[in-house]
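For the single chain, residues carry numbers from 1 onward in sequence order.
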Amino acid sequence: MNALIIGYGSIGMRHARILEVLGCHVAIVSLRKTDHATTYEDLTVALSVEKPDYIVIANQTSQHHDTLSKLAELEYKGIVLVEKPLFSQSLNLPPLPFKKVYVGYNLRFHPVVQRLKSLIEGQVVLSVMAYAGQYLPNWRPDSDYKQSYSAHAKRGGGVIRDLSHELDYLIWLFGEWTKVNGVGGHFSSLEIDSDDVFSLMISTQLCPVLSLQMNYLDRVGRRFILINTDKHTIKADLVNGIVMVDGDSESFSTERDFTYQKMHDAILNYDGGDSCTLNEGQVVIHLIESAELSSKNLRWVEQ
């Protein structure tokens, strides 16, 4: 299978490496010089020469919409994966001729999240508390965090978009959101113009009380979720791969590329499997914008 990666930053490099391991011929579209053997500066040329079956859009979030629109204009008809989040804001799309479109919320394939999905089945979920935090300057130690897209709101940065994995898997586990109350902004001394903390209270179809905090500040780096059902208390640590049910622990081991490999495999071989669809990706963007509106106006926002 021929795969084309649009954008060759750290995430584009990862997708390229993984797809090559999975047996794909990989080509790159990038305006910057790369060390990859097959690189194009022009998307039109790349499509004509490579004839890709699968395209991964891994450029800046602010460029996702234009890239999708360009692929539609060029009448590409294969499969597309757009890195998360889908867009910086809700945007209309032209008719898309693609076979399928997915959004890169690979944490759905984390064995801990998969285990939670099976554990809560058939139970009444009463409350959920989730947390995700990592110190932004430690994300990519070899580069200046102030130059990253994360640091700039106009480029699609900010913690509520960067860590929107949490929004996606919480909706996937607990149903569509019905109302949200959020507070967030830039509160630290980090030299960025995007939000570094966001906290949300959310009601969903399957959970009346769900709280979530995301931040760029946690020097340790944590990602966990605590669930109370009518039968059990479940705590899950995604960083350390641990699920505890009423104090009894179960461990899972994954290497760093595991969830990406599972996502690509599902898209290429199993009609998407648990992968996030285009519509689901748009739901996450709507939730982000509603949380920002809530924070601005100090009120609940309903779906």
Side-chain angles (χ1 to χ4, degrees), residues 61-62 65 84-93 103 105 107-108 113 116-117 120 123-134 136 150 153-154 156-188 190 192-218 222-230 233-236 238 276-303:
T61 303
S62 58
H65 181 269
K84 62 82 189 168
L86 177 61
F87 302 134
S88 301
Q89 58 191 352
S90 295
L91 295 167
N92 293 323
L93 279 166
V103 183
Y105 285 113
L107 278 190
R108 292 187 181 196
V113 176
L116 290 178
K117 185 80 165 174
I120 64 174
Q123 297 188 49
V124 177
V125 179
L126 304 174
S127 70
V128 173
M129 180 178 69
Y131 176 93
Q134 186 176 2
L136 181 60
S150 300
K154 287 185 178 179
V159 73
I160 196 171
R161 287 172 174 78
D162 254 346
L163 298 183
S164 58
H165 277 295
E166 264 57 36
L167 300 176
D168 174 69
Y169 80 65
L170 289 171
I171 292 171
W172 187 60
L173 289 173
F174 304 111
E176 286 239 12
W177 70 279
T178 57
K179 60 181 179 179
V180 62
N181 197 336
V183 58
H186 179 202
F187 303 116
S188 75
L190 289 173
I192 63 178
D193 63 32
S194 58
D195 51 273
D196 52 24
V197 179
F198 233 102
S199 289
L200 288 74
M201 288 291 295
I202 308 170
S203 293
T204 74
Q205 292 171 335
L206 301 180
C207 179
V209 181
L210 191 158
S211 64
L212 167 65
Q213 186 188 122
M214 300 170 281
N215 68 69
Y216 280 155
L217 311 177
D218 195 317
R222 280 173 269 245
R223 201 165 219 154
F224 65 81
I225 180 170
L226 179 64
I227 305 166
N228 288 305
T229 76
D230 58 338
T233 295
I234 305 166
K235 184 175 183 181
L238 276 70
C276 178
T277 65
L278 177 64
N279 286 341
E280 290 171 331
Q282 290 171 318
V283 168
V284 173
I285 297 302
H286 182 40
L287 176 53
I288 289 171
E289 292 181 324
S290 297
E292 290 174 328
L293 181 64
S294 170
S295 180
K296 179 181 178 181
N297 295 332
L298 302 178
R299 64 175 177 84
W300 284 88
V301 174
E302 295 188 354
Q303 170 77 288

**Study point:** Polar side-chain atom of S62 near backbone of G156 as donor-acceptor pair, under 3.5 Å
**Key:** no

Review point. What orientation do W177 and H286 show, parallel under 30°, tilted 30 to 60°, or perpendicular over 60°?
Key: tilted

Practice item. Could you tell me whether the side chain of E166 reaches within less than 4.5 Å of the side chain of R223, counting heavy atoms only? Key: yes

Check your understanding: Any side-chain heavy atom of L167 sitting closer than 4.5 Å to one from L200?
Key -> yes

Check your understanding: Of D168, T61, D162, which meets side-chain contact (heavy atoms from CB on, under 4.5 Å) against K84?
Key -> D162

**Study point:** F174 side chain reached by I202 side chain, heavy atoms, under 4.5 Å
**Key:** no

Exercise for review: Rounded to the nearest 0.5 Å, what's the gap from CH2 on W172 to NE2 on H165? Could you check?
Suggested key: 13.5 Å

Review point. Any side-chain heavy atom of Y169 within less than 4.5 Å of one from I225?
Key: yes

Exercise for review: Would you check if the side chain of S290 reaches a backbone N or O of V301 as a donor-acceptor pair within less than 3.5 Å?
Suggested key: no

Check your understanding: Between the side chain of S203 and the main-chain N/O of P208, is any donor-acceptor distance below 3.5 Å?
Key -> yes

Practice item. Using a 4.5 Å cut-off on heavy atoms from C-beta on, say whether the side chain of L93 contacts that of L278. Key: yes

Point to revise | Y131 backbone acceptor or donor facing R222 side chain under 3.5 Å | key: no

Point to revise | Polar side-chain atom of H65 near backbone of N92 as donor-acceptor pair, under 3.5 Å | key: yes

Review point. Taking atom CG of L210 and atom OG1 of T204, what is their separation to the nearest 0.5 Å?
Key: 6.0 Å

Practice item. Mind checking the CG-CG spacing from L238 to L107? Nearest 0.5 Å is all I need. Key: 6.0 Å

Practice item. Evaluate the side-chain proximity of V103 to E280: yes if any heavy-atom separation is below 4.5 Å, no if none is. Key: no

Practice item. Mark yes or no for whether D196, through its side chain, and S188, through its backbone, hold a donor-acceptor pair below 3.5 Å. Key: yes

Review point. Donor-acceptor pair, N215 side chain versus G133 backbone, under 3.5 Å?
Key: no

Point to revise | Interatomic distance, M201 atom CE to K179 atom NZ [nearest 0.5 angstrom] | key: 9.5 Å

Review point. Under 6.0 Å from the NZ atom of K117, do we count more than 12 heavy atoms belonging to anything else shown?
Key: yes

**Study point:** Student check: side-chain heavy atoms of D193 and H186 closer than 4.5 Å
**Key:** no

Review point. Do I288 and Q89 have side-chain heavy atoms sitting under 4.5 Å apart?
Key: no

**Study point:** Qualifying residues under side chain to side chain donor-acceptor pair (under 3.5 Å), relative to S164, sequence neighbours excluded
**Key:** Y105

